[in-house]
Each structure stands twice: as C-alpha cells, then as structure tokens.
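Both ligands and their constituent atoms are indexed starting at 1 by order of listing. All residue numbers refer to positions in the sequence shown, counting from 1.
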Amino acid sequence: MSSSVQSVWARCLDSVSREVSGIAFQTWFQPLQPVSLKQEGDRVELLIELPSRFYHEWLDQHYTKLLHDTVNGVVGRAATVAYRIADRDETQAPRHETEDAAVVRRLPPSPGRNGSKKRQERVQNPVEPRPVPVQYAYAEHPLQKNYTFDTFVEGDCNRLARSAALAIAQRPGQTSFNPFLVYGGVGLGKTHLVQAIANYARTHGTTQKIVYLSSEQFTAEFVRSVKNHSIAEFTRYYRQTDLLIVDDVQFFGGKEKTQEEFFHIFNDLHQRNKQVVLCADRPPREIAGIEERLLSRFQWGLSADVQAPDLETRMAILRKKAALSGLVVPEEVIDFVAQRIRSNIRELEGALTRLFAHAKLQNRTIDLAFAYEALSDLLQESPKHVEIEDIQRMVADFYHLSPALICSRSRKREIVNARQVAIYLAKQFTTYTLEYIGNFFGGRDHSTVIHSCTMVENRMDVEPAFADEVNRLRRSINGAIS
Ligand code: ADP
Ligand code: MG
C-alpha cells in the first residue's frame, strides 16, 4: 500500500475523530483499512476495506456524508469513496471477483470542496453486497496492526498496566491476572494496550482463538441473537475463545440481559483458565448500572489504571510517532507540542498528524514557528501551569489551614476534607501520576489519591454546598493559570 493512501487516510481519521464520539470513532472508523487511492485525470478514488457488511450498512446509514465530505476536504478536490468488504472467513470458497466487483457502493464526487449540505448520494455501479458468510462476522473485530508493544511508549502513567499486559500476552490464562482490567480516561492507550496483547498472542502463537470486540458490539450481537433465536450459537462462539477481550465495558451499564449472558460466558472461560481482558473508562466500582456479581468478578484478577502521561512520556510518545512516520521533528518542536497538549495521547497524536499534513501540503519544514502557526487553534491551553504546591497553598488558604497540615497524618475531619479536595484538584489540574501526587501529600500511595478523588466526586453529587466550595477553588486555580 502506498504511503500516500495511508497518509490521506490518517488525515481523514484525524478529521473524523473530531466530529464523532470516541466510541463511535473506535467502533466504526478505526477498523477501516485504506486500500488504494487511484487517480485518473481529475478523478480521485479512495477505496476502503470494511471488516464486514454490517459496517457497510452502518456507515451508509450514519456516516455517508461525513466520510464523503472529509475525504473531499483532505484530498482537496472531488473524490469518490468506494467500499469493499474484507474477506475474512477462511472457510469460504476462494474469491473470483475482481477488486471492482467487490466494491459494493460508490459515492459520487461532491460538487465542490465544501459540497452542498444537501445529501448528494446516488448509487453508481450498484453491485449487490456479498452475503456475510458467517453468522458472527462482525465479532471478528479486526485488530489495528500497529497497536503493538513495540509502538507503545512506557511511562510512569502506564507501567503496571503495560507490564501486566505483556505477561498476559506471553502466557494467556496462566498468570494470576485473570481477568485483566485496564481502566483510565479517554485516549490514554487502553485500546492500544489490549490490542497489543492480541497482536502479540497472534504473532507469537501463545494462544489459539482470540476475539476482540467492544461491549457495544457484544450487546448488539446478543440482541440480534435473541431476535434470531440463536442464543445458543452466540454463547458457543464466545465460549470457544481462548483469549476474549472486551473493550469499554462501561457500556454494559444498564443492559441487564447482556450482562447476565456475559456473566455466564465469563465464568465458563475463567473456570477453564481462558484469558479475559477488559477495558473501562473508569475504575470498576464507579461503573454505574453493572450488577454487583459481575463487578466483583471484574476485580478478581488484576485491575491496572492508565493515567495522563507526564511531560517526559508525552515527549517520548511524540518522538516515537515521528520516527514511525519517518519524519524528522526538531526536539524543540517536540518539547513545544508536549508542553502545550497535555490532556491525552490521542490529541497529542492528532497534533502531530496535523503538523505533518500541513508541512507536506505547504511544503514547509517543521520548525517552531511553523508548529505554532499550524497548531494555533489547538493551543488554547495556557503555557503556564499550576503546580501541586500552588494547589496545596490555595486550598490551605481557603480552609484557613497550613499546607503542612494538609500533608500531615492528621485524621481531623476538616483537615481530611481539605486534603481530599487538594488531592482531587491536583489530579484535575496536573498530569502527574497518582503515585507522584500521593507522594506530594505526605508520602501517601496511589490508592489514597483514587479514594480522595472518589470521595470528592461523590460528595459533590449530593452536597451542593461542598460542590460550590470545590467549584470556587477550581475557578480561582483557573484564574491563577490564565
Ligand atoms: P483509549 O482506548 O484509552 O481511549 P487508545 O488506545 O485508543 O486510547 O489510544 C489513543 C491513541 O493514542 C492511539 O492512537 C494510541 O496508539 C495512542 N497511544 C496511547 N497510549 C500510547 C502510548 N503509551 N504509546 C504510544 N501511543 C499511545
Ligand atoms: Mg479505547
């Protein structure tokens, strides 16, 4: 595959990721594979491979216009988007179709770069979609090939999760980390890490049947199997896995029937030492709407969090991504981007992709001035930032205490209260790790930090006066850094 189709697609993904929710992006866009970018005279055609027909239906119903406009925007002229469906079922008869026959739907070129807002679709070359040969075709959620341990940068923010993941990949089902639950905020590498397990297990042959999918897909399939009266088949399929990875399990919340089915599958797999790996966007006990017995099972093995990366890790990630793209980015630009984009790794990556794209389009070298210009709209964050000491001081002043008391071992109620608030705000306003923050508060460990944050969040939900205090503090910290 030429690098130009890859880079065009990378830019499309970057743009789509700004338009749709994170989960929609992961579910519907990340699994798509760019195949070719053909140019004939004025016409450009981007061919994309979809994991299954189901994707085709879904994209068609929900994202036709978005995809179309995005591709036009990126290519800079009228382009056609064509789909083909991946041939993943090995039991299927060999394909005789030409590539063109496998293209199931084409979208016409848009009338102009910005297109008209009106839906402009029209079917050209309507070739009947090939029937999906296996019942659970879209359970075979394809893995991102580049989500490996090699491309995953280790830092304080993810060390435990990464080393546990590697141990699991080497000996699925044979460590005490079963299930293995990775949790943490959006864009911090959970999906990358758990797919690295699958990719490793696949390449090194450490286990047989590997299935990766999101809890939403699991739910959708379950619902479908109920409708089709094929629950037994559904269950059998999952019970046959040796390594089952379910991403974003928080979406099981409130789906009782699906949870029940998953509970039985989980028990069965666990009993037979099959590896289960789960991801969630928050600690298990904070996931709402999940039955207690399932929650407790989630915590049987090992739960490890991934945190926002610190500056050093952000720089290491940027260096790695630049190197992987074969581009030279001066260290001062790496430093600049890492200082300014702190929230999550996906945004960090987005900034770098943007830099590359602009540099290429404008034929410019990437230097500091260029980075500033190209990323100006992403850089609303203040270059100044707040340190934990500042937060401790502000909270201490607010409650008429001293910072030393906040960090002391005192269990007096008003001191514990101030300490928890300060810890919570330190977690919110800095990108330091839980360990680092805990250390700053009189050598406490990461579980104290998690506990404090949970306490504060819970109290804010039910005590308006307390929520008001925290918000006033938040505003004064905001004021101090802008
Ligand atoms: P999550 O599932 O936590 O929302 P993802 O795994 O989708 O996050 O990560 C978002 C993006 O950031 C991905 O492109 C991923 O490759 C990248 N990424 C996350 N963590 C790291 C890391 N430690 N090293 C390199 N890339 C990372
Ligand atoms: Mg994810």
For ligand 1, is there an N or O atom under 3.5 Å from any N or O atom of [X]?
| X | value |
| --- | --- |
| Leu188 | yes |
| Gln30 | no |
| Val153 | yes |
| Ile317 | no |

Measure up the [X] and [Y] rings against each other and bin them: parallel (under 30°), tilted (30 to 60°), perpendicular (over 60°).
| X | Y | answer |
| --- | --- | --- |
| Phe29 | Phe25 | parallel |
| Phe252 | Phe262 | tilted |
| Phe234 | Phe222 | tilted |

For atom 8 (O) of ligand 1, which of Gly350, Ala316, Ala161, Gly189 has the closest heavy atom?
Gly189
On a heavy-atom basis, I'd like to know which of His192, Arg346, Arg314 is closest to atom 7 (O) of ligand 1.
Arg346
May I ask you to decide if Phe177's main-chain N or O and Gln275's side chain share a donor-acceptor pair within less than 3.5 Å?
yes
Heavy atoms of other groups near Lys257 NZ, more than 12 under 6.0 Å:
no
Can you establish whether the number of heavy atoms outside Gln208 located under 6.0 Å from its atom CD is more than 12?
no
Find all atoms of ligand 1 within a distance of less than 4.0 Å from any non-hydrogen atom belonging to [X], and give their numbers and elements.
| X | result |
| --- | --- |
| Val186 | 4 (O) |
| Gly185 | 3 (O) |
| Lys321 | 16 (O), 17 (C), 25 (C), 26 (N), 27 (C) |
| Asn158 | 23 (N) |

Under 3.5 Å, side-chain donor or acceptor atoms of residues 328-338 against the rest of the protein: list the pairs with distances, not counting sequence neighbours.
from   : atom 1 : to     : atom 2 : distance (Å)
Glu331 : OE1    : Arg319 : NE     : 3.3
Glu331 : OE2    : Arg319 : NE     : 3.0
Glu331 : OE2    : Arg319 : NH2    : 2.6

Can you tell me how far apart CG (Leu46) and OG1 (Thr70) are? Round to the nearest 0.5 Å.
11.0 Å
Could you check [atom] against the protein and tell me its nearest heavy-atom contact, residue, atom and distance included?
| atom | result |
| --- | --- |
| atom 20 (N) of ligand 1 | Ile345 CD1, 3.1 Å |
| atom 25 (C) of ligand 1 | Thr151 O, 3.3 Å |
| atom 13 (C) of ligand 1 | Tyr147 OH, 3.4 Å |
| atom 11 (C) of ligand 1 | Glu349 OE1, 3.6 Å |
| atom 4 (O) of ligand 1 | Gly187 N, 2.7 Å |

List the steps, then state whether side-chain hydrogen bond (donor to acceptor under 3.5 Å, both in side chains) holds for Tyr147 with Gln30.
CA-CA 11 Å; Tyr147 282 2; Gln30 281 193 336; 3.3 Å; yes
Decide whether a cation-pi geometry holds between Arg293 and Phe263; the criteria are a distance under 6.0 Å from NZ or CZ to the six-membered ring centre and an angle within 45° of the ring axis.
yes
